Amino acid sequence: LTMTLGLAEYKLPEGEVRNRALATANSGWAQHSPADAANFVASLPPGEAQQNAAMLVLSTWAASDPGAAAGWAGSFPEGPMRDSALQNVVGPWADTDPIGAATWVGNLPAGSSKDSALSTFVGRLSSSAPDVAAQWAEAINDPEMRQTWMQAAAQSWLAEDATKARAWILQSSLSAEIKEILLAQP
């Protein structure tokens, strides 16, 4: 497998075919040895091929060991790739172990990647535990993103338990306009 990846990396010209070959080979490797696959991805030159391979490794790794996948994703520098990486980890983790995912998300350093991870976490919880999702949405630092996810959680919560949702909406930091819209719903 290492030889296949090496050939794909160095013998194929830059472009979509090379990227697909690397991703396909790395995906299989990630199923059997995600840490080794992650090390290989780290050795790739920055760019689309590396990012695609990293997301495939993370998706596979998060399904079997979300804590380890989270550790690797957390080592990425702040930016769009880190945002995507954290989202790829927290989504499946929230589905299988929301408490573990919550602990991890809560301990992330403030920044756009934490907000991205929180938005994915809130999105996953909104249908199954909208009251919990609403509380986590308040932790999003970006004001526009926070309002969007608080509103989404509140709408789900209104469908599940309108009385408690309305009480939360009234005391929340939602804008007066959004509160009015939400509270006008039957």
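In this text the structure is predicted, and so the values were computed from the model without any measurement.
The minimum heavy-atom distance between Gly123 and Trp149, with the atom names listed, is CA-CZ3, 3.4 Å. Heavy-atom minimum distance, Pro92 versus Ala62: CG-CB, 4.3 Å. Across Leu182 and Gln155, no two heavy atoms sit closer than the pair CD2-CG, 3.4 Å. The shortest non-hydrogen separation linking Val57 to Ala37 is CG2-CB, 3.9 Å. Nearest approach of Thr103 to Asn107, heavy atoms of both residues: O-ND2, 3.0 Å.
Remark: the backbone N or O of Trp93 is not paired with any side-chain donor or acceptor of Asp97 at under 3.5 angstrom. Listed for the Glu138 side chain is no donor-acceptor partner under 3.5 Å among the backbone atoms of Met150. Arg146 contributes a side-chain N or O that, together with a main-chain N or O of Ile140, makes up a donor-acceptor pair within less than 3.5 Å. Using modelled atom types, one side-chain atom of Arg166 and one backbone atom of Leu183 make a donor-acceptor pair closer than 3.5 Å. Proximity of a side-chain donor or acceptor of Arg124 to a complementary backbone N or O of Gly91 within less than 3.5 Å is detected. Side-chain atoms of Ser33 do not come within 3.5 Å of backbone N or O of Ala35 as any donor-acceptor pair. Using a distance-only test at 3.5 Å, with no hydrogens or angles considered, a donor-acceptor pair links the side chain of Gln171 to the main chain of Trp168.
We find the CZ-CG distance between Phe121 and Asp95 to be 10.0 Å, quoted to the nearest 0.5 Å. Expressed to the nearest 0.5 Å, how far CH2 of Trp157 lies from OG of Ser126 amounts to 11.5 Å.
Counting heavy atoms from C-beta outward, Pro34 and Thr60 have side chains that stay 4.5 Å or more apart. Contact check for Gln151 versus Thr148: no side-chain heavy atoms found under the 4.5 Å cut-off. Residues Asp161 and Asp131 have side chains not in contact (no heavy-atom distance under 4.5 Å, counting atoms from C-beta outward). Side-chain contact between Lys114 and Asn141: absent, with no pair of heavy atoms (C-beta onward) separated by less than 4.5 Å.
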Just distance, no hydrogens or angles: give the donor-acceptor pairs under 3.5 Å from side chains in residues 80-90, sequence neighbours left out.
from: Arg82; atom 1: NE; to: Ser113; atom 2: OG; distance (Å): 2.8
from: Arg82; atom 1: NH1; to: Gly74; atom 2: O; distance (Å): 2.5
from: Arg82; atom 1: NH1; to: Phe76; atom 2: O; distance (Å): 3.0
from: Asp83; atom 1: OD1; to: Ser113; atom 2: N; distance (Å): 3.2
from: Ser84; atom 1: OG; to: Pro80; atom 2: O; distance (Å): 3.3
from: Gln87; atom 1: NE2; to: Thr120; atom 2: OG1; distance (Å): 3.4

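One hydrophobic cluster holds both Leu158 and Leu170 under the rule that ILVMFWY side chains link at heavy-atom gaps under 4.5 Å. Hydrophobic clustering (side-chain heavy atoms under 4.5 Å, transitive across Ile, Leu, Val, Met, Phe, Trp, Tyr) keeps Val132 apart from Ile169. Both Trp136 and Met145 are assigned to one and the same hydrophobic cluster, defined by single-linkage of ILVMFWY side chains at heavy-atom distances under 4.5 Å.
Heavy atoms from other residues, nucleotides or ligands lying under 6.0 Å from CD of Glu180 number 12 at most.
Membership of an apolar cluster is not assigned to Ile99, as no side-chain contact below 4.5 Å to another ILVMFWY residue is traced.
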Take Leu58 and Met55 through the test side-chain contact (heavy atoms from CB on, under 4.5 Å) and record every step on the way to the result.
-> CA-CA 5 Å; Leu58 283 168; Met55 296 310 118; 4.2 Å; yes
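Ring planes of Trp72 and Trp61: tilted class, angle from 30 to 60°.
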